[in-house]
Amino acid sequence: MAQSVFANNRLNELFSILPIECKNSINQANNTKCLCKIAGDSIPIKTSFNNEGQINHVGLDLFSLDNNLIFSPSVIGFIERSLLEDLLWNNTAYINKKNKEDRIQLFKNNKALGEIGFSKINGIIPIIKNEFAFSLKQEGLEYTAVLENMNGKITIIFPATNAVISGMDKKEYGEQVMASLKTIKNYANFIPKTPLKDQLKTYKDDIKVSVGNSYFKSITSTKYYKVTDVVIEPLFSREYPLESFCNIFLMPMEANKKIQLNITHKIYGDEKFDYKVNLNDFISFFGTDFEFYFGIEEKTDESMSGTLIIFNRKLNFVNLLYVNTNKNTLLGNNPIINAKLYTNIPSDNIKNLFADYDSSNTTKK
C-alpha cells in the first residue's frame, strides 16, 4: 500500500512519524497544507501529489512558488523535507547521526546542533515561522543554504547528489523515470535556444555547426543547422545521416516526433524492463533539468550507434542511453531506434562505466 501512496520509501517513513491529527488533515480531500503540533510548537507543513496521486513531497511550508521558479525545486524540496525530519525526530544525537550519514551539516548562528547556543533542534522554529531572507549557492559538489531573519540564521551544507536531495535510491529513481516515460504522450517541448547566425561556424554547403562543450572524449553538445537567408533550423536529412543522428538526441525537433525509441531500461541489479517512447517526448521529459551530450560510437554502411549522456549538473548525476539504428530505418517512414537506458549514475563514476563498457562490450551491441 505504501508503494501506491508514496513516491518513495523515505516519504513513507517521514509521513509515518507525523502526528496523527496531521496525517488525518492531509488525508482529507488531499489537503496540501496544514498546521501540525511538532517539537512543542504549531508548525506549518505542506505536501504535494504527482500525476499518479502519490504523495511526492512532505516538508515544512517554507517556500513559495516564486522560490521554486528562482531555485531548483528539488533542492527547495530537500530543505523543507530535511528540516521537517529533524523536528519530528527531535533527538540531537539521532539527528547528528543521520546527518553525518548523509553528509549534511546544520548550524544555527554558526553553532552546530548540540553545541551551546543550539542545544536542541526546536531552536530553529523562531526563524522558520517568520519571513526570512534566503540564499543558496553551489560550489562544486556541495550546496550551502542560508535562512536568516532577526531571530537568527540557519545554515545547511549538503552534498549535491541525487540520493540525498531527492530522498530516492537508485531503484526508486529508475522506477519513477520508467513510470513517467511509459505514460507520457505529446509531452510539452522544452524550447532550446536557437543560435544566431554569427554564432555558427561553417561546416559544409548551407550547413553550419554550433560547436558545443565536451562531456567525455568525443561526447559533445555540438549541433548542426541548415541555414538560409530567412531561417535557421536543426539539420535532419538523408545527405547528412551522422550529423542528423547526433542532432535528434540533443534537442527536440519536428523529426523526433516520428521516431520511436525501443528502450531496455536497466533499473537495479539485473532488473530490466522493455517499453517504447516517442523520442521527442523522451528529450522533452529530461530537457528542463538536464544537459545533453552525444557521441557516435560506431558507423558502418549497415548501422549507427552512439551514446547519449543526460547530465544533471545541479544533482551531479547522469542518465545514460546507448542507441543503435541504421540509416534506412532512421530516415524511413517508420523510424525506430533501439536503446539501452541506465539511470542515476553518479557523474564521478562515469569514466569507470565507460571503461567497463569498452572492455566487456567490444561489439557495441
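As the structure is a computational prediction, the values presented were derived from the model and not from experiment.
- In Asn334, the CG atom is not crowded: 12 or fewer heavy atoms of neighbouring residues, nucleotides or ligands sit closer than 6.0 Å.
- Side-chain contact between Leu11 and Thr47 is absent, with no heavy atoms from C-beta onward closer than 4.5 Å.
- The ring-ring contact (aromatic ring centres under 6.0 Å, His included) check on Tyr94 picks up Trp89, with sequence neighbours excluded.
- With hydrogens and angles disregarded, a donor-acceptor distance shorter than 3.5 Å links the side chain of Asn326 to the backbone of Asn328.
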From CA spacing to verdict: side-chain contact (heavy atoms from CB on, under 4.5 Å), Met168, Gln176: CA-CA 10 Å; Met168 291 185 286; Gln176 183 189 77; 3.6 Å; yes
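- Taking 4.5 Å as the limit, every side-chain heavy atom of Asn312 sits out of range of all side-chain heavy atoms of Val318.
- A salt bridge links Lys129 with Asp41: the distance from a Lys NZ or Arg NE/NH1/NH2 to an Asp or Glu carboxylate oxygen falls below 4.0 Å.
- Leu83 contributes atom CG, which lies 6.5 Å from atom CG of Leu62 (distance to the nearest 0.5 angstrom).
- Ile70 has its side chain out of reach of Leu136: every pair of non-hydrogen atoms, C-beta onward, lies at least 4.5 Å apart.
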Test log, rule ring-ring contact (aromatic ring centres under 6.0 Å, His included), inputs Phe292 and Phe311: CA-CA 6 Å; Phe292 298 112; Phe311 176 42; over 10 Å; no
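- Residues Glu297 and Ser305 have side chains that never bring a donor and an acceptor to within less than 3.5 angstrom of each other.
- Listed by chain and number, the residues in a ring-ring contact (aromatic ring centres under 6.0 Å, His included) with Phe286 are Phe282, Phe290 (sequence neighbours excluded).
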Test salt bridge (charged side-chain N to carboxylate O under 4.0 Å, His left out) applied to Glu13 and Arg10, step by step: CA-CA 5 Å; Glu13 293 175 350; Arg10 181 120 186 195; 5.7 Å; no
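- Think of Val230 as one node in a network of Ile, Leu, Val, Met, Phe, Trp and Tyr side chains linked at under 4.5 Å; its network also takes in Val231.
- The shortest heavy-atom contact between Pro195 and Leu200 is CG-CD2, 3.6 Å.
- Using modelled atom types and a 3.5 Å distance limit, the side chains of Asn316 and Thr161 yield no donor-acceptor pair.
- Shown here for Ile165 and Pro159, the closest heavy-atom pair between the two residues is CD1-O, 3.7 Å.
- How far CD of Gln138 is from CD of Glu142: 10.0 Å, rounded to the nearest 0.5 Å.
- Residue pairs meeting the side chain to side chain donor-acceptor pair (under 3.5 Å) criterion with at least one member in residues 73-82, sequence neighbours excluded: Lys46-Glu80, His57-Glu80, Ser72-Ser74.
- For the atom pair CD (Gln105) and OG1 (Thr155), the distance works out to 10.5 Å, reported to the nearest 0.5 Å.
- Listed by first and then second residue, the salt bridge (Lys or Arg N to Asp or Glu O under 4.0 Å) pairs that reach into residues 304-314 are Glu291-Arg313, sequence neighbours excluded.
- Taking Tyr173 as the reference, Phe317 meet the ring-ring contact (aromatic ring centres under 6.0 Å, His included) condition, with sequence neighbours excluded.
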Side-chain donor/acceptor pairs under 3.5 Å, residues 269-276, sequence neighbours excluded:
| residue | atom | partner | partner atom | Å |
| --- | --- | --- | --- | --- |
| Asp274 | OD1 | Thr264 | OG1 | 2.8 |
| Tyr275 | OH | His265 | ND1 | 2.9 |

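- Residue pairs meeting the ring-ring contact (aromatic ring centres under 6.0 Å, His included) criterion with at least one member in residues 139-172, sequence neighbours excluded: Phe78-Phe158, Tyr143-Phe158.
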Check against side chain to side chain donor-acceptor pair (under 3.5 Å), Ser48 and Asn56: CA-CA 6 Å; Ser48 64; Asn56 64 357; 2.6 Å; yes
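- With sequence neighbours excluded, the residues that form a ring-ring contact (aromatic ring centres under 6.0 Å, His included) with Phe294 are Phe245, Phe249.
- Under the 4.5 Å side-chain criterion, counting only non-hydrogen atoms from C-beta, Ile336 is not in contact with Thr325.
- The distance from atom CG of Leu341 to atom CD1 of Ile263, rounded to the nearest 0.5 Å, is 5.5 Å.
- Ile248 places a side-chain heavy atom less than 4.5 Å from the side chain of Phe236.
- A donor-acceptor pair under 3.5 Å is absent between the side-chain atoms of Thr343 and the main chain of Asn319, judged by distance alone.
- Checking side-chain atoms of Ser166 against main-chain N and O of Asn162 turns up a donor-acceptor pair under 3.5 Å.
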side-chain contact (heavy atoms from CB on, under 4.5 Å) between Val146 and Ile154, intermediate numbers included: CA-CA 6 Å; Val146 177; Ile154 300 169; over 6 Å; no
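- Side-chain atoms of Asp281 and Ser284 form no donor-acceptor pair, as typed in the model, at a separation below 3.5 Å.
- Side-chain contact between Asn256 and Asn278 is absent, with no heavy atoms from C-beta onward closer than 4.5 Å.
- In this model, no donor atom of one side chain and acceptor atom of the other lie less than 3.5 Å apart for Asn99 and Glu101.
- Of the possible polar contacts, none joining the Asn90 side chain to the Ala39 backbone as a donor-acceptor pair under 3.5 Å is found.
- If you chain together ILVMFWY residues whose side-chain heavy atoms come under 4.5 Å of each other, Ile157 ends up grouped with Phe107.
- The two residues Pro335 and Leu330 have their closest heavy-atom pair at CB-O, 3.3 Å.
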Step-by-step salt bridge (charged side-chain N to carboxylate O under 4.0 Å, His left out) determination, Glu139 to Lys137: CA-CA 7 Å; Glu139 293 183 344; Lys137 65 178 181 179; 3.6 Å; yes
Derivation and outcome, side-chain contact (heavy atoms from CB on, under 4.5 Å), residues Ile259 and Asn280: CA-CA 8 Å; Ile259 299 173; Asn280 202 67; over 6 Å; no
Between side-chain atoms of residues 112-127 and protein atoms elsewhere (two or more places apart, or another chain), which donor-acceptor pairs fall under 3.5 Å?
| residue | atom | partner | partner atom | Å |
| --- | --- | --- | --- | --- |
| Glu115 | OE1 | Ala112 | N | 3.2 |

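- The two residues Pro241 and Leu331 come nearest to each other via the heavy atoms CB-CD1, 4.4 Å.
- In this structure, Lys197 and Val227 have side chains that are in contact, with non-hydrogen atoms separated by less than 4.5 Å.
- Side-chain contact between Ile43 and Leu35 is absent, with no heavy-atom pair separated by less than 4.5 Å.
- Residue Ile20 holds its CD1 atom at 11.5 Å from OG of Ser25, rounded to the nearest 0.5 Å.
- Proximity of a side-chain donor or acceptor of Glu172 to a complementary backbone N or O of Asn9 within less than 3.5 Å is detected.
- The distance from atom CG of Asp169 to atom NZ of Lys171, rounded to the nearest 0.5 Å, is 8.0 Å.
- Heavy atoms only, all atoms of each residue included: Met251 and Ile283 are closest at C-CG2, 3.8 Å.
- Residue-environment remark: CG (Asp198) exceeds the threshold of 12 foreign heavy atoms within 6.0 Å.
- Ring-plane geometry between Tyr215 and Tyr293 is classed as tilted, the angle between the planes lying from 30 to 60 degrees on a 0 to 90 degree scale.
- Here Tyr240 sits in one hydrophobic cluster together with Tyr203, Ile207, Val209, Val211, Tyr224, Leu235; the rule is ILVMFWY side chains under 4.5 Å apart, joined directly or through other members.
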